[in-house]
2 protein chains.
Amino acid sequence: MPNNQFKRGELYSVINGMASTAVARRLQKNFRQAGLEITIEQWSVLYHLWKEDCLSQQELCNRTFRDKPSITRLIDNLEKQKLVKRTASKTDRRINLVCLTDAAKELQQLTIDLANQTMNEALIGVMKEDIETVKKVFQQVFDNLI
Amino acid sequence: MPNNQFKRGELYSVINGMASTAVARRLQKNFRQAGLEITIEQWSVLYHLWKEDCLSQQELCNRTFRDKPSITRLIDNLEKQKLVKRTASKTDRRINLVCLTDAAKELQQLTIDLANQTMNEALIGVMKEDIETVKKVFQQVFDNLI
DNA sequence: GGCATATAGTTAGTTATGCAACTAATTTCA
DNA sequence: TGAAATTAGTTGCATAACTAACTATATGCC
């Protein structure tokens with residue numbers, strides 16, 4: 001196979017491949033070294049709740065771009081760790097509102113610091129305008145595929 | 001929390017987040033619609049074997065950036081599907097060489113076409129030089145974190 | 001030669017993803 | 001009003017990830 005046959009597939013592996021995995025592993029490692037017992041995926045849920053508390057599970061699906069079973073189980077685990085609590089909505093009995101506990105609120109600043117530290121480690125030598133280009137391209141890719 | 005406190009965390013979610021997931025889901029969907037029963041992860045192993053057949057499991061770990069247990073199980077599943085075959089190395093009895101079957105060789109062109117099609121769908125409206133910037137940034141991120 | 005160390009691969013346990021099928025509550029509309 | 005369709009959430013099954021602990025083989029070195 002000539003090398004140029006796979007040009008866009010190579011970009012696939014760029015977008016979805018080693019760099020992303022490396023960042024995720026580093027962030028997880030930095031969490032662990034700081035004594036944090038949460039996973040990256042749990043963190044992404046908490047992140048949206050820190051921005052706006054007491055969202056429904058469906059709303060968390062939309063914001064984290066995960067499907068419903070994934071959110072169900074992430075919330076199960078976060079509830080076991082006493083970081084969130086399901087509360088029945090008073091206006092719609094189908095809905096669980098997912099609210100932060102005080103313990104979760106205390107984690108916010110530490111995880112922000114660790115995420116920023118991780119991205120600083122990852123972005124050494126990367127120009128600011130190139131970062132903007134990456135953001136722009138990823139937004140376009142997301143819009144193309146919804 | 002002021003919004004600008006999480007600037008680099010936002011980029012984290014860009015690199016590791018929704019666009020990557022959207023591309024992976026679309027590629028998987030395109031595989032499925034073409035009647036291909038393989039996962040993206042299995043495909044990534046086959047991809048490296050198409051470039052160079054009969055690699056050791058350790059070499060597949062290095063090239064796919066996965067750990068050893070992940071490769072063990074990916075190879076288990078690929079072997080169940082008769083797409084690869086483990087062969088004991090003659091020079092080092094610790095090593096399994098993973099070789100493609102004829103069935104796997106027949107999948108190569110179809111999956112290349114589907115990967116290219118998927119990336120074409122994803123990259124509508126994205127400029128060529130911006131793609132090069134994304135590749136450059138991701139290479140730098142990977143080098144920073146190894 | 002033989003012990004210590006390193007390397008290749010497997011297994012076990014926990015967490016997460018995707019899909020399909022399911023229950024329960026709500027909304028639509030004839 | 002009441003049956004049909006929609007929405008919110010859960011459960012089951014298969015695949016995959018990470019960590020740690022394990023076996024087997026190979027290498028290094030005294």
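Since the structure is predicted, the reported quantities are computational estimates derived from the model, not experimental observations. In the text below, chain A, chain B and the rest are named by the order of the sequence lines, each starting its count at 1. Below, all heavy atoms of this structure are taken into account, side chains as well, without hydrogens, waters or symmetry copies.
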So, A:Asn96 side chain and A:Arg86 main chain: donor-acceptor pair closer than 3.5 Å or not?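 Side chain of A:Asn96 to backbone of A:Arg86: no pair is present.
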Distance-only, no hydrogens or angles: does the A:Glu41 side chain make a donor-acceptor pair with backbone N or O of A:Leu74 under 3.5 Å?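 It does not hold such a pair.
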When all nucleic acid strands are considered with a 4.0 Å heavy-atom cut-off, which category describes [X]: base, sugar-phosphate, or nothing?
X       : answer
A:Asp67 : base
B:Ile71 : nothing
A:Thr72 : base

OP1 or OP2 of [N] sitting under 4.0 Å from any side-chain N/O of [X]?
X       : N      : answer
A:Ser70 : C:dA16 : no
B:Gln58 : C:dA8  : yes
A:Thr39 : C:dA16 : yes

Report the distance from atom [atom1] of [X] to atom [atom2] of [N], rounded to the nearest whole Å.
X       : N      : atom1 : atom2 : result
B:Phe31 : C:dC19 : CZ    : P     : 14 Å
B:Asn62 : C:dG9  : CG    : C1'   : 14 Å
A:Arg66 : D:dA8  : CZ    : C1'   : 19 Å
B:Lys68 : D:dA20 : NZ    : P     : 14 Å
A:Gln28 : C:dT14 : CD    : P     : 17 Å
B:Glu41 : D:dC18 : CD    : P     : 11 Å
A:Gln81 : C:dT15 : CD    : C1'   : 10 Å
B:Asp92 : C:dA8  : CG    : P     : 8 Å

Could you check whether atom CD of A:Glu129 has more than 12 heavy atoms from other residues, nucleotides or ligands sitting under 6.0 Å from it?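 More than 12 within 6.0 Å, yes.
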Using a 6.0 Å cut-off, check whether atom CD of B:Gln33 has over 12 heavy atoms from anything other than its own residue.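 More than 12 heavy atoms, drawn from other residues, nucleotides or ligands, come within 6.0 Å of this atom.
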Of all the choices, D:dT19, D:dT10, D:dA8, which nucleotide is nearest to the side chain of B:Pro69 once you look at every atom?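 Comparing D:dT19, D:dT10, D:dA8 against the side chain of B:Pro69, the answer is D:dT19.
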Using a strict cut-off of less than 4.0 Å between a Lys/Arg side-chain nitrogen and an Asp/Glu carboxylate oxygen, indicate whether A:Arg73 and A:Asp67 qualify as a salt bridge.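 Between A:Asp67 and A:Arg73 there is no salt bridge, as every charged N stays at least 4.0 Å from the carboxylate O atoms.
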Using the closest heavy atom to pick a nucleotide of DNA chain D for each, name whichever of B:Thr91 or B:Asn77 lands nearer the 5' end.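 Taking each residue's closest nucleotide, the earlier one in sequence belongs to B:Asn77.
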Where each residue is assigned the nucleotide of DNA chain D containing its nearest heavy atom, which of A:Arg32 and A:Asp76 is assigned the position nearer the 5′ end?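 Closest to the 5' end, via its nearest nucleotide, is A:Asp76.
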Check: A:Arg94 side chain, C:dT26 base, donor-acceptor under 3.5 Å: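 For A:Arg94, whose side chain was compared with the base of C:dT26, there is no donor-acceptor pair (under 3.5 Å).
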How do B:Arg73 and A:Arg93 order along DNA chain C: which one's closest nucleotide is nearer the 5' end?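 Its nearest nucleotide lies further toward 5', so the answer is B:Arg73.
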